[in-house]
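It should be emphasised that the depicted structure is a prediction, and the values quoted were computed from it without experimental measurement. All residue numbers refer to positions in the sequence shown, counting from 1.
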Amino acid sequence: MSLISVRDLRRSFGGVAAVAGVSFDLAAGEMLALIGPNGAGKSTCFNLLSGQLRPDGGSVALRGRALAGLAPREICGLGIGRSFQITAPFASMTVRENVQTALLAHRGEVWRFWRPAASYHAGPAGELLAQVGLGAQADRPAWVLAYGDLKRLDLAMALAGNPVVLLMDEPTAGMAPGERGALMALVKRLAAERGLAVLFTEHDMDVVFGIADRILVLDRGRLIAAGPPAAIRADARVRAVYLGSGEAGSGSGGGR
């Protein structure tokens, strides 16, 4: 079942087509990777889907509802969540309080901030932390977490809005190679359990080819290839513009 349908999406900056007629669907439970060289249009595409930018043309629909013209908060409220490359938790709060704060924000209960965040939604926050493997660290201050655990906290906070679609922008940036695969395997498991559709950008090709169900390849704003990892690995156009002459799936590459 398709959750998001993107058709002929377009956005230009100063005459340069950053996204030029991109179309794809994203299904429940699917891990869809968006890759491409520097300047391919990946970040612009993400910003168009989340409402940070408005398209010059084309359409984005979530479960049949058009998203054009909606503000980012409205799009988030309809079920599109997003995590970012750089994590930014409240360092002075505990791990649990960070998730409780995210729950308050997503539920429109910011008026309750006159009381400590710890007073609300402790149970749901604990459940989310357990799902991402941080249950034992719930009462630690966020600033003491290792970088890989900060990424897990960021994931828990993104899931606090109970999204049906999750956009993950370079989720493993800055992580050690072993941590990258573990984090994305966790995301893949949660996607299957929740029926969550995940669109992610990633520079590590080992992660992309090991985790993605399908891969989209952008070059200069245009979608040049789409399909399962085996088909993308064998695609001559992808090798020419992005992966180079080496074997796809060995090592890192790519960019924004």
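Nearest approach of I80 to P163, heavy atoms of both residues: C-CB, 4.4 Å. Of all the heavy atoms in A33 and A212, the pair that sits closest is CB-CB, 3.8 Å. Considering all non-hydrogen atoms of both residues, G41 and V19 come closest at O-CG2, 3.8 Å. Taking all atoms of both residues into account, the shortest heavy-atom contact from A160 to L128 is CA-CD1, 3.8 Å. Taking all atoms of both residues into account, the shortest heavy-atom contact from K151 to A173 is CE-O, 3.4 Å. In plain terms, the two heavy atoms of M175 and R180 that are nearest each other are O-NE, 3.0 Å.
Residues V6 and S23 fail the side-chain proximity criterion, which asks for heavy atoms closer than 4.5 Å. The closest side-chain heavy-atom distance from L34 to C45 is below 4.5 Å. Here the side chains of T201 and M168 are not in contact, with every heavy-atom distance at 4.5 Å or above. With contacts defined as side-chain heavy-atom distances shorter than 4.5 Å, the pair L78/R63 does not qualify. Between D169 and F200 there is no side-chain heavy-atom pair separated by less than 4.5 Å. Here the side chains of V187 and V198 are in contact, with some heavy-atom distance below 4.5 Å. For the pair V22 and R222, the minimum side-chain heavy-atom distance is 4.5 Å or more. V164 is listed as a side-chain neighbour of L62, based on a closest heavy-atom distance under 4.5 Å.
To the nearest 0.5 Å, atom CG of residue L48 and atom CG of residue L67 are 11.5 Å apart. For the atom pair L155 CG and L190 CG, the distance stands at 6.0 Å (nearest 0.5 Å). Atoms CD and OG, on E97 and S92 in that order, are 8.0 Å from each other to the nearest 0.5 Å. Between atom CG of residue L216 and atom CD1 of residue I224 there is a gap of 11.0 Å, rounded to the nearest 0.5 Å. Note that the NZ atom of K42 and the CD atom of E202 stand 10.5 Å from one another [nearest 0.5 Å]. Atoms CG and CG, on L103 and N98 in that order, are 11.0 Å from each other to the nearest 0.5 Å.
Not counting sequence neighbours, the partners of D235 by the salt bridge (charged side-chain N to carboxylate O under 4.0 Å, His left out) test are R237. For the side chain to side chain contact (heavy atoms under 4.5 Å, CB included) test, residues two or more places apart in sequence or in another chain that qualify with A17 are S12, A20. Residues passing the side-chain hydrogen bond (donor to acceptor under 3.5 Å, both in side chains) test with R54: none are found, sequence neighbours excluded. Taking R189 as the reference, E193 meet the salt bridge (charged side-chain N to carboxylate O under 4.0 Å, His left out) condition, with sequence neighbours excluded. Partners of T44 according to the side-chain hydrogen bond (donor to acceptor under 3.5 Å, both in side chains) rule, which considers only residues two or more places apart in sequence or in another chain, do not exist here. Taking R152 as the reference, nothing meets the side-chain hydrogen bond (donor to acceptor under 3.5 Å, both in side chains) condition, with sequence neighbours excluded. In this view, P141 and W143, V144 satisfy the side chain to side chain contact (heavy atoms under 4.5 Å, CB included) rule, not counting sequence neighbours. With sequence neighbours excluded, no residue forms a side-chain hydrogen bond (donor to acceptor under 3.5 Å, both in side chains) with D56.
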Could you give me the CA-CA distance, side-chain angles and deciding distance for L159 and L196, then say whether side chain to side chain contact (heavy atoms under 4.5 Å, CB included) is met?
-> CA-CA 10 Å; L159 293 175; L196 177 67; 3.9 Å; yes
Are I215 and V238 close enough, and set up right, to give a side chain to side chain contact (heavy atoms under 4.5 Å, CB included), and what steps lead you there?
-> CA-CA 11 Å; I215 301 172; V238 176; over 6 Å; no
Could you please spell out the steps behind the side chain to side chain contact (heavy atoms under 4.5 Å, CB included) verdict for F24 and L32?
-> CA-CA 10 Å; F24 64 88; L32 180 61; 3.9 Å; yes
Please report the C-alpha distance between L26 and L3 in whole Å, then the side-chain angles of each, then the deciding distance to 0.1 Å, and finally whether the side chain to side chain contact (heavy atoms under 4.5 Å, CB included) criterion is met.
-> CA-CA 6 Å; L26 180 57; L3 290 177; 5.8 Å; no
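A 6.0 Å sphere centred on CZ of R220 holds no more than 12 heavy atoms belonging to other residues, nucleotides or ligands.
Although no hydrogens or angles enter the test, the distance criterion places no donor-acceptor pair under 3.5 Å between the side chain of N47 and the main chain of L53. Side-chain atoms of E179 come within 3.5 Å of backbone atoms of A176 as a donor-acceptor pair (strictly under, hydrogens ignored).
Residues L9 and V16 are members of separate hydrophobic clusters, defined by side-chain heavy-atom contacts under 4.5 angstrom among Ile, Leu, Val, Met, Phe, Trp and Tyr.
Listed by first and then second residue, the side-chain hydrogen bond (donor to acceptor under 3.5 Å, both in side chains) pairs that reach into residues 126-136 are Q131-R194, sequence neighbours excluded. Pairs engaging residues 131-146 under the salt bridge (Lys or Arg N to Asp or Glu O under 4.0 Å) rule: R96-D139 [sequence neighbours left out]. Counting only residues at least two apart or on different chains, the salt bridge (Lys or Arg N to Asp or Glu O under 4.0 Å) pairs with a member in residues 5-21 are R7-D25, D8-R10.
Note that R82 lies outside the cation-pi zone of F46, set by a 6.0 Å cut-off to the ring centre and a 45° limit from the axis.
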